Amino acid sequence: MPEEEASARADAEQTTCAGPGMPLTARVLYAVVSANGALIRGLGAATANRLGTGMYQVVFDQDVTGAGCVGTIGLAGSNGLAPAGQLTVAGRTGIPNAVFVTTYDSAGLYADRPFHLAVLS
C-alpha cells in the first residue's frame, strides 16, 4: 500500500531541526529583553545590555556567527501591549556569540523598546 510505504520512509528518515548546511547540534536560542536592557528570560542567552538609546547587545552561550536571527517588539510579561515600534538584528562585530539589536519608535527614531529575539544556530 502506498500509505504504508510513505509511513515507513518517514519513520526511516532522521528528523531534526537542522536544515541543509546546519549541524545536527543546531539549537533554537531565545532572549526576552526589557527596554532598559535587562535579560528577563531566555534559552542559551547569557546576558543582555542596553548600549545606548534603542541599541542592545544580547550574548549567547555559543557562537552565533552565521545563525538566522529574528526579533519583534514585545513586552517581557503577559499583561498589556508593547509600545509601537520596529526592530532590526545583526551579528555583533568582533563578538561571535552576540547579536546587535536596534529598536525604533513608530516614526523610525531610535527608542528603547522591549523585545523578543530568536536565534537559529
Side-chain angles (χ1 to χ4, degrees):
M1 297 185 135
E3 292 172 359
E4 289 176 1
E5 291 173 14
S7 179
R9 272 196 317 272
D11 288 342
E13 293 179 8
Q14 183 174 2
T15 303
T16 177
C17 67
M22 297 283 289
L24 293 176
T25 57
R27 292 174 65 196
V28 176
L29 311 170
Y30 80 90
V32 176
V33 179
S34 69
N36 68 1
L39 176 63
I40 304 302
R41 63 184 175 278
L43 177 63
T47 63
N49 302 90
R50 180 183 171 273
L51 304 175
T53 301
M55 293 183 263
Y56 303 87
Q57 171 180 284
V58 181
V59 178
F60 291 92
D61 65 0
Q62 70 180 60
D63 187 330
V64 294
T65 304
C69 302
V70 63
T72 188
I73 301 295
L75 294 178
S78 59
N79 295 334
L81 296 172
Q86 300 146 36
L87 177 144
T88 62
V89 297
R92 186 78 168 113
T93 302
I95 307 174
N97 61 327
V99 176
F100 182 68
V101 177
T102 52
T103 58
Y104 308 89
D105 63 17
S106 57
L109 302 172
Y110 285 109
D112 293 335
R113 296 288 189 262
F115 61 90
H116 296 228
L117 173 67
V119 177
L120 312 171
S121 179

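Numbering of residues begins at 1 and proceeds along the displayed sequence. Since we're looking at a predicted model, the values are computed, not measured.
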Atom pair CG/CG of Asn36 and Asn49 - distance to nearest 0.5 Å:
10.5 Å

For the residue pair Tyr56 and Phe100, is the inter-centroid distance of their aromatic rings smaller than 6.0 Å?
no

Short side-chain to backbone donor-acceptor contact, [X] and [Y], under 3.5 Å:
X	Y	value
Ser34	Pro114	no
His116	Val33	no
Arg41	Ala76	yes

Give the cluster check for [X] versus [Y]: same hydrophobic cluster or not, with ILVMFWY residues linked at side-chain heavy-atom distances below 4.5 Å.
X	Y	result
Val99	Leu29	yes
Tyr30	Val64	no
Val32	Leu43	yes
Met55	Tyr104	yes

Which heavy atom in Asn79 sits nearest to a heavy atom in Leu75, and how many Å separate them?
O-CD1, 3.2 Å

Of the non-hydrogen atoms in Gly52 and Asp112, which two are nearest, and what is the gap between them?
O-OD1, 3.9 Å

Under the salt bridge (Lys or Arg N to Asp or Glu O under 4.0 Å) rule, collect the residues that match up with Asp61, sequence neighbours excluded.
Arg27

Pairs of donor and acceptor atoms involving the side chains of residues 81-97, under 3.5 Å and at least two apart or interchain, shall be tabulated with distances.
{"from": "Thr88", "atom 1": "OG1", "to": "Thr102", "atom 2": "OG1", "distance (Å)": "2.2"}
{"from": "Arg92", "atom 1": "NE", "to": "Gln57", "atom 2": "OE1", "distance (Å)": "2.6"}
{"from": "Arg92", "atom 1": "NH2", "to": "Gln57", "atom 2": "OE1", "distance (Å)": "3.4"}
{"from": "Asn97", "atom 1": "ND2", "to": "Phe60", "atom 2": "O", "distance (Å)": "2.9"}

